[in-house]
Amino acid sequence: MNIHEHQAKAVLKEFGAPVADGVAIFSADEAAAAADKLPGPLWVVKSQIHAGGRGKGKFKEAEAGEKGGVRLAFSKEDVISNAAQMLGNTLVTHQTGPAGKQVNRLYIEDGADIKTELYLSLLVDRASGQPAFVASTEGGMDIEEVAESTPEKILTITIDPVAGVTDAVAESLCDALGLEGTAREDGIALSRILYKAFTEKDMDMLEVNPLIVMENERLRVLDAKMSFDGNALFRHPDIMELRDKTEEDEKEIEASEWDLAYIALEGTIGCMVNGAGLAMATMDIIKLYGEEPANFCDVGGGANAEKVAAAFKIIMKDPAVKGILVNIFGGIMKCDVIAEGVLQAVKETNLAVPLVVRLEGTNVEKGKEIIANSGLNVIPANDLDDAAQKIVAAVKGA
Ligand code: ADP
Ligand code: MG
């Protein structure tokens, strides 16, 4: 689960990280009062969406003006007019995709005197199987470019989870960030604060870009992106409260209510599968035969007919879906139960696109029989290759 920048900063503040003062607002009427709470002479008006690259983003609507999703304001009037321009409009960044995201809230923040912009993040490093800091002296809005053209400027420092952030880790991190003097003292303290927040709140990722050295040599967290391990959220009701469903795909929310894993993608073929591995294989083979998956819905190991029907309806809600491939291995879940669920859903949704069903495993013969005798327009497939070819052909023919 992701949260907004202003929320992430509030979390970091609890742990003692240096963040600026700021006020989140949801309507332009609140802009004046928010600006009044901050000292000036520089305010920053920041779009709050679950995507990065806001500073370099562009609004779709002309009324929002030419400037990006993070704007400097040199007077209270500036804060108010920019807030009015930005709220309710659609910001497109390299992370939102071409559709962009509607800006429903802004963070009005105290402006900082920036001397240098650094990059710092914490993540779980799969290569070492340990948490790690990723650091660079080249922080700010061009970090993607740095990663692409000068990857040697991005350093990884792994952390032994038993020992935590030792003096040696903190010192190497400060070396990697090129910190000296007061900034280095701040860096040592910050490394421990961030690690504590990361582990105690079960984060997947914590990214501070930029971390800045200010003109007074103190460090400040100027941007914060945070995502949490969904499997550990039950331990953090305070974090769960921060969920913003308007940032999530409506179908993904509905799927999570049924305990289904639904992922929206860009193609034309809806996929109903069980297990993440089978989902990957199904998507690969669809691509191999020249089409793209529109989504996949993982019904998991123990689904019943209702759950299968729910999955089906969620897949059908995506207007980009031109065909559906059901690819299920019946282990604990029996193929006849899946077949019943599929038929129930086909009837209830008045399915208008081609459907290919490939079943394998427990009670497969019974499952195939149910489908064959249904009288409904369902294309049976014998194996994964056959299934992918059939659905691609059906979608291309349509
Ligand atoms: P994004 O990463 O989505 O583009 P950031 O929060 O990193 O958004 O802001 C983009 C840039 O705007 C920063 O790199 C920094 O130069 C500037 N900026 C952001 N917040 C402030 C602030 N409080 N004071 C001064 N400049 C800021
Ligand atoms: Mg940033």
Side-chain angles (χ1 to χ4, degrees), residues 2-13 17-25 31 34-35 37-59 64-76 78-79 82-83 86 89-97 100-123 134-147 154 177 194 205-227 244 247:
N2 299 321
I3 60 174
H4 289 289
E5 174 200 359
H6 74 95
Q7 298 168 326
K9 283 178 170 169
V11 171
L12 291 180
K13 199 172 175 183
V19 296
D21 290 330
V23 183
I25 64 168
K37 289 198 185 117
L38 302 169
L42 176 63
W43 292 261
V44 185
V45 185
K46 309 187 78 173
S47 306
Q48 299 295 292
I49 54 170
H50 286 186
R54 296 162 301 165
K56 288 198 163 176
K58 284 260 172 288
F59 280 94
E66 285 296 306
K67 288 188 280 174
V70 174
R71 300 179 177 190
L72 302 183
F74 297 92
S75 67
K76 287 181 189 172
D78 241 9
V79 173
N82 277 300
M86 294 158 82
N89 285 325
T90 319
L91 183 62
V92 181
T93 80
H94 64 86
Q95 286 187 10
T96 61
K101 283 201 159 185
Q102 192 176 49
V103 176
N104 297 319
R105 64 174 97 180
L106 298 172
Y107 190 44
I108 314 295
E109 194 179 54
D110 191 20
D113 287 326
I114 303 173
K115 192 171 162 201
T116 43
E117 300 201 359
L118 313 170
Y119 177 91
L120 177 57
S121 64
L122 256 171
L123 42 77
V134 177
S136 176
T137 53
E138 312 298 304
M141 295 194 278
D142 295 320
I143 191 70
E144 276 87 4
E145 168 66 23
V146 176
I154 298 176
L177 292 170
L194 295 183
M205 199 267 315
L206 164 58
E207 184 184 64
V208 178
N209 183 35
L211 168 68
I212 58 160
V213 183
M214 295 189 287
E215 291 296 347
N216 65 5
E217 294 299 322
R218 304 301 305 259
L219 290 189
R220 184 177 276 179
V221 169
L222 213 64
D223 187 12
K225 247 181 136 185
M226 237 175 231
S227 71
D244 179 359
E247 289 284 335

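Side chains included, hydrogens not; waters and symmetry mates left out as well; all remaining heavy atoms used. Note that the coordinates shown come from a computational prediction; the quantities given were computed from them, not determined experimentally. In what follows, residues are counted from 1 in the order of the sequence shown. As the structure lists them, so they are numbered: ligands from 1, and atoms in each ligand from 1.
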**Student:** Do Val70 and ligand 1 have an N or O pair less than 3.5 Å apart?
**Tutor:** no

**Student:** When rounded to the nearest 0.5 angstrom, what distance separates CG in Leu194 from CD in Glu207?
**Tutor:**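 With rounding to 0.5 Å, CG (Leu194) is 12.0 Å from CD (Glu207).
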
**Student:** Does any N/O atom on Asn209 come nearer than 3.5 Å to any N/O atom on ligand 1?
**Tutor:** yes

**Student:** Please report which non-hydrogen protein atom sits nearest to atom 27 (C) of ligand 1, along with the residue it belongs to and the distance in Å to one decimal place.
**Tutor:** Leu222 CD2, 3.4 Å

**Student:** Determine, considering heavy atoms only, which of Glu117, Glu207, Lys56 sits nearest to atom 15 (C) of ligand 1.
**Tutor:** Glu117

**Student:** So for ligand 1, is Ala51 a polar contact partner (N or O within less than 3.5 Å, distance only)?
**Tutor:**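 N/O-N/O distance below 3.5 Å does not exist for this pair.
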
**Student:** Identify, for atom 10 (C) of ligand 1, the protein heavy atom at the shortest distance, and state residue, atom and that distance.
**Tutor:**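 Answer for atom 10 (C) of ligand 1: Met141 SD, 3.7 Å.
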
**Student:** Measure from the Mg ion (ligand 2) to each N, O or S atom of Met141 and report whether any distance is below 2.8 Å.
**Tutor:**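 Checking Met141: none of its N, O or S atoms is under 2.8 Å.
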
**Student:** With a 4.0 Å cut-off on heavy atoms, is Gly53 in contact with ligand 1?
**Tutor:** yes

**Student:** Starting from atom 4 (O) of ligand 1, locate the nearest protein heavy atom and write down its residue, its atom name and how far away it is, to 0.1 Å.
**Tutor:** Gly55 N, 2.7 Å

**Student:** Please list the nearest protein heavy atom to atom 24 (N) of ligand 1 with its residue and the distance rounded to 0.1 Å.
**Tutor:**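 Ranked first by proximity to atom 24 (N) of ligand 1 is Ala112 N, 2.9 Å.
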
**Student:** Can you tell me which residue among Ile212, Leu177, Leu120, Leu211 is in a side-chain contact (heavy atoms from CB on, under 4.5 Å) with Leu219?
**Tutor:** Leu211

**Student:** Evaluate whether atom CZ of Arg218 has more than 12 neighbouring non-hydrogen atoms of other residues, nucleotides or ligands under 6.0 angstrom away.
**Tutor:** no

**Student:** Would Asp110 count as a contact residue for ligand 1, given that I'm defining contact as a non-hydrogen atom of the residue lying under 4.0 Å from a ligand atom?
**Tutor:**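 The answer is yes: ligand 1 sits under 4.0 Å from a heavy atom of Asp110.
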
**Student:** Out of curiosity, His6 NE2 to Gln48 CD, how far, rounded to the nearest 0.5 Å?
**Tutor:**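 So the gap between those two atoms works out to 5.0 Å.
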
**Student:** Identify the closest protein heavy atom to atom 26 (N) of ligand 1: which residue and atom is it, and at what distance?
**Tutor:** Ile114 CD1, 3.5 Å

**Student:** Please indicate whether Glu66 has more than 12 foreign heavy atoms, meaning atoms of other residues, nucleotides or ligands, lying under 6.0 Å from its CD.
**Tutor:** no

**Student:** Any idea which protein heavy atom is nearest atom 5 (P) of ligand 1, and the distance to it?
**Tutor:** Asp223 OD2, 3.4 Å

**Student:** Given side-chain hydrogen bond (donor to acceptor under 3.5 Å, both in side chains), test His50 with Asp244 step by step and report yes or no.
**Tutor:** CA-CA 9 Å; His50 286 186; Asp244 179 359; 5.0 Å; no

**Student:** If the cut-off is 4.0 Å to any non-hydrogen atom of Gly111, which atoms of ligand 1 fall inside it?
**Tutor:** 24 (N)

**Student:** Rounded at 0.5 Å granularity, tell me how far CH2 in Trp43 sits from NZ in Lys37.
**Tutor:**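 Rounded to the nearest 0.5 Å, the CH2-NZ separation comes out at 14.5 Å.
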
**Student:** For residues Val103 and Phe59, report the shortest heavy-atom separation together with the two atoms involved.
**Tutor:**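 Looking at all heavy atoms of both residues, the closest pair is CG2-CE2, 3.8 Å.
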
**Student:** When you measure from atom 6 (O) of ligand 1 to every protein heavy atom, which one gives the shortest distance, and what is it?
**Tutor:**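 Of every protein heavy atom, Lys46 NZ, 2.7 Å lies nearest to atom 6 (O) of ligand 1.
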
**Student:** Which atom pair, heavy atoms only, marks the closest approach of Val146 to Ser136?
**Tutor:** CG1-OG, 4.5 Å

**Student:** Within a distance under 4.0 Å of any heavy atom of Pro210, pick out the atoms of ligand 1 and give their elements.
**Tutor:** 7 (O), 13 (C), 14 (O)

**Student:** Looking only at non-hydrogen atoms, find the nearest pair between Lys9 and Ala224 and report the distance.
**Tutor:** CG-CB, 4.1 Å

**Student:** Which residue supplies the protein heavy atom nearest to atom 23 (N) of ligand 1, what is that atom called, and how far is it?
**Tutor:**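 Closest protein heavy atom to atom 23 (N) of ligand 1: Glu109 OE1, 2.7 Å.
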
**Student:** Restricting to N, O or S, what is the name of the atom of Asp223 that lies nearest the Mg ion (ligand 2)?
**Tutor:**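 Of all N, O or S atoms in Asp223, the Mg ion (ligand 2) lies closest to OD2.
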
**Student:** How far does CG of Leu206 sit from CG of Leu123, to the nearest 0.5 angstrom?
**Tutor:** 9.5 Å

**Student:** In ligand 1, which numbered atoms sit nearer than 4.0 Å to a non-hydrogen atom of Arg54?
**Tutor:**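 Matching atoms, with element in brackets: 1 (P), 3 (O), 4 (O), 5 (P), 6 (O), 8 (O).
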
**Student:** Would the number of heavy atoms belonging to other residues, nucleotides or ligands and lying under 6.0 Å from NZ of Lys13 be above 12?
**Tutor:**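 Counting neighbours around NZ of Lys13, 12 or fewer heavy atoms of other residues, nucleotides or ligands fall under 6.0 Å, so no.
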
